[in-house]
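Below is one structure, written out as structure tokens; comments come after it.
One is the number of the first residue; the rest follow in order along the sequence.
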Amino acid sequence: MAFRYPQFEPYGDKLIRWMENTNEPGCQIPMTILTALTLPQPKIFNNEYEREWLSPAQIFSIVGLHLPVADLIPHSSDLTESPSFRHSIIKTKNGITALVSTIGPGVLFVYSMRRVHVSNDPYISELIKIAYETHFRLDTLKYLFINEVQEHKTEPFIEEQIYPSREGLSYPSAERQIWDRSSSEFSAIMGTPVGKVVGFFILGAYGQGVKRISQIVTFQTGRDLHKLEIRFNIEDV
């Protein structure tokens with residue numbers, strides 16, 4: 001099979017087949033048993049969260065996604081009334097492993113994720129699972145946003161190869177771009193380092209043949225559209 005984007009598409013294609021088919025061979029991503037209570041070296045991991053209202057930008061990004069927007073819009077200064085949480089899991093010694101996120105019912109925004117490639121620390125995908133299931137049932141997660149993507153392979157690849165695949169589309173663009181499962185671009189994005197984190201989360205949290213990414217949406221924000229945002233839509237297989 002000839003791939004249009006040989007750098008990332010072949011592995012993205014594997015991830016998609018593993019997510020969608022219980023019997024697809026070759027998957028080496030086991031379901032994770034890691035929880036907030038079994039974090040290794042708990043004395044050097046700060047696992048902290050507090051209630052906070054979603055920001056206007058976050059609210060705008062979920063309008064039309066069939067989430068309980070009315071409940072998520074700040075209607076008072078009382079944080080105890082918010083159903084959303086700011087959740088961070090950060091290693092404080094011997095290297096940097098970190099996840100900083102905001103979580104609401106059905107949605108998770110990742111603001112920062114970092115892990116040394118060669119490390120015995122938990123994977124970011126495992127930390128995402130811990131963060132969401134601390135507050136809500138895993139099967140309720142519908143949308144996973146990766147905000148302000150700066151990963152040194154993913155962002156340039158989307159700019160230099162994915163956007164030019166659409167005639168007349170420039171980067172950055174104020175328009176949201178939807179990449180469907182049937183496209184090479186979808187598979188290629190799934191195979192990038194950022195896409196792998198999301199695929200590993202799906203497989204580690206749910207196993208094969210349970211949940212999949214149904215659609216990927218990319219868009220730019222910021223005054224000069226300098227921030228790349230990626231939304232991964234999650235659905236039952």
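Minimum heavy-atom separation, L72 to P83: CD2-CG, 3.6 Å. Pairing each heavy atom of A131 with each of H135, the nearest pair is O-CD2, 3.1 Å. The minimum heavy-atom distance linking E151 with P156 is given by the pair O-CD, 3.7 Å. Residues V194 and T154 share a closest heavy-atom pair of N-OG1, 3.4 Å. What you find for N47 and A36 is that their closest heavy atoms are ND2-CB, 3.6 Å.
In this structure, a donor-acceptor pair under 3.5 Å is present between the side chains of D78 and T80. Side chain to side chain, T38 and T35 meet the donor-acceptor criterion of an N or O pair below 3.5 Å. Donor-acceptor pairing under 3.5 Å is lacking for the side chains of S187 and Y5. No side-chain donor-acceptor contact under 3.5 Å links E48 and S88. In this model, a donor atom of one side chain and an acceptor atom of the other lie less than 3.5 Å apart for R166 and Q177. A side-chain donor from one of E81 and H75 sits under 3.5 Å from a side-chain acceptor of the other. Using modelled atom types and a 3.5 Å distance limit, the side chains of S84 and W53 yield no donor-acceptor pair.
Looking at E155, its side chain never comes within 3.5 Å of a backbone N or O of V149 through a donor-acceptor pair. A donor-acceptor pair under 3.5 Å is formed between the side chain of Y143 and the backbone N or O of L65. Side-chain N or O atoms of S183 include one that pairs as donor or acceptor with a backbone N or O of D180 at under 3.5 Å.
To the nearest 0.5 Å, atoms CG (L39) and CD1 (I89) are separated by 6.0 Å. Distance check: I162 CD1 to I189 CD1 gives 5.0 Å after rounding to the nearest 0.5 Å. We find the OG1-CZ distance between T221 and F60 to be 10.5 Å, quoted to the nearest 0.5 Å. Between W179 atom CH2 and F186 atom CZ the span is 12.5 Å, to the nearest 0.5 Å. Atom CD1 of residue I124 and atom OG of residue S112 lie 8.5 Å apart, to the nearest 0.5 angstrom. One finds the CZ atom of F45 at 5.5 Å from the OG1 atom of T97 (value rounded to the nearest 0.5 Å).
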Exercise. For side-chain contact (heavy atoms from CB on, under 4.5 Å), just list the numbers for Y163 and T218, CA-CA rounded to whole Å, side-chain angles, deciding distance to a tenth of an Å, and then say yes or no.
Key: CA-CA 10 Å; Y163 271 53; T218 58; 2.9 Å; yes
Practice problem: For the pair K142 and N233, evaluate side-chain contact (heavy atoms from CB on, under 4.5 Å) and give the outcome as yes or no after the intermediate values. | Solution: CA-CA 6 Å; K142 303 298 183 185; N233 295 3; over 6 Å; no
Self-check item: Derivation of the side-chain contact (heavy atoms from CB on, under 4.5 Å) call for L203 and L15
Solution: CA-CA 9 Å; L203 290 164; L15 279 176; 3.9 Å; yes
Practice problem: May I have the step-by-step check of side-chain contact (heavy atoms from CB on, under 4.5 Å) for I146 and F109, ending in yes or no? | Solution: CA-CA 6 Å; I146 308 295; F109 298 88; over 6 Å; no
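In this structure the side chain of R4 reaches within 4.5 angstrom of the side chain of E9, judged on heavy atoms. Within the 4.5 Å cutoff, no side-chain heavy atoms of F3 are placed close to those of F8. Two residues are said to be in side-chain contact when any heavy atoms from C-beta on lie closer than 4.5 Å; H117 and P193 fail this criterion. A heavy-atom distance below 4.5 Å is found between the side chains of L67 and V107. Taking 4.5 Å as the limit, every side-chain heavy atom of V116 sits out of range of all side-chain heavy atoms of I96. When side chains are defined from C-beta on, P74 does not count as touching S82, because their heavy atoms never get closer than 4.5 Å.
Residues V69 and F219 fall within the same hydrophobic cluster, defined by Ile, Leu, Val, Met, Phe, Trp and Tyr side chains chained together at heavy-atom separations under 4.5 Å. A continuous path of Ile, Leu, Val, Met, Phe, Trp and Tyr side chains, each step under 4.5 Å between heavy atoms, connects L54 with I73, placing both in one hydrophobic cluster. W18 and I213 end up in the same hydrophobic cluster when Ile, Leu, Val, Met, Phe, Trp and Tyr side chains are linked at under 4.5 Å. Both I234 and L138 belong to a common hydrophobic cluster when Ile, Leu, Val, Met, Phe, Trp and Tyr are linked at side-chain heavy-atom distances under 4.5 angstrom. By the rule that hydrophobic residues join a cluster once side-chain heavy atoms approach within less than 4.5 Å of another member, V237 and V210 end up as members of separate clusters.
Ring pair Y132/H87: centre-to-centre distance not below 6.0 Å.
Pairs passing the salt bridge (Lys or Arg N to Asp or Glu O under 4.0 Å) check and including a residue from residues 50-75, sequence neighbours excluded, do not occur. Pairs passing the salt bridge (Lys or Arg N to Asp or Glu O under 4.0 Å) check and including a residue from residues 221-237, sequence neighbours excluded, read E148-K227, K211-D236, R212-E235.
Counted within 6.0 Å of CZ on F200, heavy atoms from surrounding residues, nucleotides or ligands total more than 12; the atom is thus considered enclosed. Counting non-hydrogen atoms of other residues, nucleotides and ligands closer than 6.0 Å to OH of Y171 gives a total above 12.
Applying salt bridge (Lys or Arg N to Asp or Glu O under 4.0 Å) to D121 and the options K91, K93, R114, R115 leaves one that passes, K91.
Under the 6.0 Å distance and 45° angle rule, K196 counts as a cation-pi partner of Y11.
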Show me the donor-acceptor pairs within less than 3.5 Å that the side chains of residues 24-32 make with the rest of the protein, sequence neighbours left out.
| residue | atom | partner | partner atom | Å |
| --- | --- | --- | --- | --- |
| E24 | OE2 | R17 | NH1 | 2.5 |
| T32 | OG1 | L34 | N | 3.1 |
| T32 | OG1 | E126 | OE2 | 2.9 |

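Using a 4.0 Å cut-off between a side-chain N of Lys or Arg and a carboxylate O of Asp or Glu, R181 and E20 qualify as a salt bridge.
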